[in-house]
Amino acid sequence: MSRYKSYLTIEDLHKVVGEEITLRGWVFNTTGKGKLQFILLRDGTGVVQCVVFKGNVNEETFEAGKSLTQESSVIITGKVKAEERAPGGFEIDVTGLQAVQIAKDYPITPKEHGDAFLIEHRHLWLRSSRQNAIMRVRAAVIKAIRDFFDGNGFKLMDSPLLTPNACEGTSTLFETEYFDLGKAYLSQSGQLYAEASALALGKVYTFGPTFRAERSKTRKHLTEFWMVEPEMAYFDLDDDMDLAEDLVEYIVQFCLKTCTKELAILERDTTFLEKIKRPFYRISYSEAVDYLHKNNIPLKKKVDGQEVDILPFPWGEDFGTVQEEAIMEQFDKPCIIHRYPTEAKAFYMKRDPENSKVVLAMDMIGPEKAGELIGGSQREDDYDALMKRIKENDLPVEAFQWYLDLRKYGSVPHSGFGLGVERTVKWITGASHIREVIPFPRMIYRIVP
RNA sequence: UCCUGAGUAGCUCAGCUGGUUAGAGCAUCUGACUGUUAAUCAGAGGGUCGGGGGUUCAAGUCCCUCCUCAGGAGCCA
């Protein structure tokens, strides 16, 4: 058997009570008490209190224990015992101790710190128990996503990250030189490629990082974030919305089941999350506008640098944060808003055959101010209609020739959506800022570490 | 890009209408302690008050300018 398989971790300690074992980790904190030393040891899977008593070990070991500082790396041998006085219920009665490296002046102390300081030390901040818990939930969210799709007949089909053109033609993109072929851009969505993949394999999902060069400065935006985008042949908008609800329900329930400890560390009120089961809420854009009218929610717009309120909210304008939060106040579960005005949405979305002023688009808004978790639509599958929309939007037809091909050779109704991984993790963990839910956030004024 | 706010010790902050040698808590170092959970007690070290310029007998404090950062709008997942 490989030796590494015998390495014991703190989360498995309950299986070896009474045995003498070895743990490899780092010093989370220490307190001395004369002939008695308490060492809180962490190893990434948990934290356990180790006790060094002068009467139980030789002088050298005791001195080695005294020399340990916060975040020093150490290998500790000792006997596992159940101990009510210790946090977590278990304790290591130390018999041997080997300092691997002594850390000097670890910057993040057990006391309070400001946001700016912590994010500057992101590479070390990840060691804190709160960040550790968030990263574990993130891993669980991603596993839930993959399990859900893999278990429902979807195939993973990666989309390229370097693309020759702007996918939706709207967002600002990061630009780079691509050999002798001119400019290339970092992808803001894998959707167009996912459509081609769906017409090849039926049900696919693309999962990877996405880039937006918008100069956003908010607690829910990143310039680099992860998105999963399923795309399904022969799915209409209703199928699309059903799938979106199934996915979100699955993710939340999976996290509740597998991340009990993590959510407790984060002090997340899970009674709220337990309610996240289908059916969710659904309203059309027009119904949402009616609601805004009834509640006197205005459109906030800037005219000549002055912010003005426009009442009643004009039909045709896209919703901003103010409108979305007002609409969500009545809901304790996610809500899908569907059938948006054509002008407010992307060129590739299919018009509603029953009302040409709207497109078959949908956004899922999360409760508790989670914001937009999902954006999706049924795609325009008619060659002429799509061509018309490309031209109306002043997009280069040549660049979209391959995309138009999909409407020429066996076109079918098809739909898909994109779910923001970080937005979802932020909601489930209750993190106050999106930068806490990705290991190394990329934001407008921060690219280090 | 626009609006608002903030930069004082390693960290979190106080510092009033300008006025002796700029403060606290924590962290660090030294010492005491067999049950600590952010231990406690005694002592020590630690500052270009974001940079530059100006007003003044005197500037952390007032004025100008630049820099850095934060979060709100817009954009969106």
Side-chain angles (χ1 to χ4, degrees), chain A residues 28-40 47-56 62 66-67 69-70 83-88 91 93 103-121 167-168 170-173 188-191 209-229 244 248 299-308 317-322 324 344-346 363-366 370-376 417-427 432-435 437-438 443-446:
Chain A
F28 198 64
N29 204 0
T30 61
T31 59
K33 190 95 167 88
K35 291 173 184 160
L36 196 59
Q37 295 165 24
F38 297 96
I39 300 160
L40 276 177
V47 177
V48 69
Q49 175 167 283
C50 305
V51 182
V52 191
F53 176 47
K54 199 167 186 175
N56 288 358
F62 190 76
K66 260 169 88 173
S67 73
T69 54
Q70 193 189 355
E83 170 60 66
E84 274 184 25
R85 287 173 291 184
E91 186 172 270
D93 209 348
K104 208 165 173 272
D105 298 327
Y106 184 70
I108 304 178
T109 64
K111 296 286 175 174
E112 60 195 315
H113 295 285
D115 295 345
F117 179 81
L118 289 171
I119 200 70
E120 267 163 33
H121 295 83
C167 159
E168 301 181 15
T170 51
S171 284
T172 322
L173 305 182
Q188 58 149 350
S189 166
Q191 181 209 312
T210 307
F211 307 88
R212 305 272 163 97
E214 299 288 343
R215 302 180 79 83
S216 299
K217 265 184 78 85
T218 80
R219 57 182 77 195
K220 57 183 186 186
H221 286 89
L222 292 164
T223 56
E224 178 184 310
F225 64 96
W226 283 69
M227 186 156 69
V228 59
E229 295 173 279
V248 170
L299 170 70
K300 297 211 180 267
K301 210 168 186 179
K302 268 197 185 142
V303 181
D304 299 331
Q306 287 286 308
E307 192 162 278
V308 291
E317 293 285 340
D318 204 357
F319 298 147
T321 314
V322 179
E324 282 177 1
K345 289 289 173 184
D363 283 352
M364 186 190 290
I365 323 287
E372 287 176 31
L373 301 172
I374 282 177
F417 62 82
L419 172 126
V421 169
E422 287 78 15
R423 291 261 176 98
T424 306
V425 178
K426 179 175 180 284
W427 168 45
S432 61
H433 200 299
I434 199 161
R435 69 183 157 213
V437 304
I438 184 166
M443 294 171 297
I444 176 167
Y445 291 129
R446 207 174 279 285

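Just so you know, these numbers use all the heavy atoms, side chains as well, and skip hydrogens, waters and symmetry mates.
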Closest-nucleotide mapping onto RNA chain B: is A:Glu422 or A:Ala116 further toward the 5' terminus? I mean the 5' end. A:Ala116
Taking side-chain contact (heavy atoms from CB on, under 4.5 Å) as the criterion, tell me which of A:Arg423, A:Glu422, A:Glu214 meets it with A:His221. A:Arg423
Quick one: is A:His221 getting a side-chain N or O under 4.0 Å of the B:rC75 phosphate, OP1 or OP2? no
Please state how far atom CD in A:Gln37 lies from atom C1' in B:rU40, giving the value in whole angstrom units. 17 Å
In whole angstrom, give me the gap between the C1' atoms of B:rA58 and B:rG54. 15 Å
Could you check which nucleotide pairs with B:rU36 in any of the strands shown, counting Watson-Crick or G-U wobble with both distances under 3.5 Å? none
Residue pair A:Asp363/A:Lys35 against RNA chain B: nearer the 5' end by closest nucleotide is A:Lys35
Going by the angle between their ring planes, with limits at 30° and 60°, are A:Phe117 and A:His121 parallel, tilted or perpendicular? tilted
Give the nucleotide from the list B:rU12, B:rC76, B:rG71 with an atom nearest to the side chain of A:His433. B:rG71
How far does the C1' atom of B:rC66 sit from the matching atom of B:rG31, given to the nearest Å? 49 Å
Can you tell me the base-pairing partner of B:rA42? Count Watson-Crick or G-U wobble geometry only, both distances below 3.5 Å, and say none if there is no partner. B:rU30
Counting Watson-Crick and G-U wobble pairs only, both distances under 3.5 Å, name the nucleotide matched with B:rU61, or none. none
Is A:Pro110 touching bases, backbone alone, or none of the nucleic acid, heavy atoms closer than 4.0 Å? nothing
Base, sugar-phosphate or nothing for A:Phe38? Non-hydrogen atoms, less than 4.0 Å. base
Taking the P atom in each of B:rG51 and B:rG7, what is the distance between them to the nearest angstrom? 13 Å
What's the CG-P distance between A:Asp105 and B:rA9, to the nearest Å? 16 Å
Regarding A:Gly371, tell me which of base, sugar-phosphate or nothing describes its non-hydrogen contacts under 4.0 Å with the strands shown. nothing
Between A:Thr424 and B:rA77, does any side-chain N or O lie under 4.0 Å from OP1 or OP2? no
Between A:Arg215 and B:rU1, does any side-chain N or O lie under 4.0 Å from OP1 or OP2? yes
Flag as yes if A:Phe225 stacks onto the base of B:rA77 (centroids under 5.5 Å, planes under 30°), otherwise no. yes
Take the protein atom NE2 of A:His121 and the nucleotide atom C1' of B:rC11, then report the distance between them rounded to whole Å. 10 Å
A:Glu214 side-chain proximity, nearest of B:rA77, B:rC75, B:rC29: B:rC75
Check whether the side chain of A:Ser216 and the base of B:rC75 form a donor-acceptor pair under 3.5 Å. yes
What's A:Lys220 touching, base or sugar-phosphate or nothing? Going by heavy atoms closer than 4.0 Å. base
Please report the distance separating the P of B:rG25 from the corresponding atom of B:rC63, rounded so that it comes out in whole Å. 32 Å
What distance do A:Leu222 atom CG and A:Lys426 atom NZ have between them, rounded to the nearest 0.5 Å? 10.5 Å
Side-chain ion pair, A:Glu83 and A:Arg85, N-O less than 4.0 Å: yes
Give A:Glu324 one of three labels, base, sugar-phosphate or nothing, depending on what nucleic acid heavy atoms sit under 4.0 Å from its own. nothing
Within the structure, does a side-chain N or O atom of A:Lys217 lie under 4.0 Å from either OP1 or OP2 of B:rG71? no
From A:Arg212 atom CZ to A:Leu173 atom CG, the distance as rounded to the nearest 0.5 Å: 8.5 Å
Nearest-angstrom distance, P atom, B:rC26 to B:rA70: 29 Å
Atom CD of A:Glu120 to atom P of B:rC69: distance rounded to whole Å? 9 Å
Between A:Gln37 and A:Phe62 (side chain of the first, backbone of the second, donor and acceptor by atom type, cut-off under 3.5 Å), is there such a pair? yes
Side-chain H-bond candidate by donor/acceptor type, A:Glu229 with A:Gln191, under 3.5 Å: no
Under 4.0 Å between any heavy atoms, over every strand shown, what does A:Thr218 touch: base, sugar-phosphate, or nothing? Just pick one. base
Let me know the distance between NE2 of A:His113 and C1' of B:rC26, rounded to the nearest Å. 9 Å
Interatomic distance where CE belongs to A:Met227 and C1' belongs to B:rC76 [whole Å]: 10 Å
Under a 3.5 Å cut-off for both contacts, is B:rC2 paired Watson-Crick or G-U wobble with anything, and if yes, with which nucleotide? B:rG72
P spacing across the pair B:rU8 / B:rG52, given as an integer number of angstrom: 15 Å
Inter-nucleotide P distance (B:rA14, B:rC75), Å rounded: 36 Å
Length of the line joining A:Gln49:CD and B:rU36:C1', which is rounded to integer Å: 7 Å
Which of B:rG72, B:rG35, B:rC69 is nearest the side chain of A:Glu83? It is B:rG35
Respond yes when some side-chain nitrogen or oxygen of A:Thr321 is under 4.0 Å from OP1 or OP2 of B:rG72, and no when none is. no
Measure from the side chain of A:Leu36, starting at C-beta and using heavy atoms only, and say which of B:rC11, B:rG35, B:rG72 lies closest. B:rG35
At less than 4.0 Å, is any side-chain N or O atom of A:Asn29 found next to OP1 or OP2 of B:rU36? Yes or no. no
Taking N and O atoms by type only, does the side chain of A:Glu91 place a donor or acceptor under 3.5 Å from a partner on the base of B:rG35? yes
Between A:Asp115 and A:Arg219, is there a salt bridge with N-O shorter than 4.0 Å? no
For residues A:Pro110 and A:Gln70, report the shortest heavy-atom separation together with the two atoms involved. CD-OE1, 4.0 Å
Nearest to the side chain of A:Arg446 - B:rA77, B:rA70, B:rG71? B:rA70
Inter-nucleotide P distance (B:rC2, B:rU48), Å rounded: 34 Å
Select base, sugar-phosphate, or nothing to describe what A:Ile374 touches, counting heavy atoms under 4.0 Å on all strands. sugar-phosphate
Provide, to the nearest angstrom, the distance between the CE atom belonging to A:Met443 and the P atom belonging to B:rG72. 13 Å
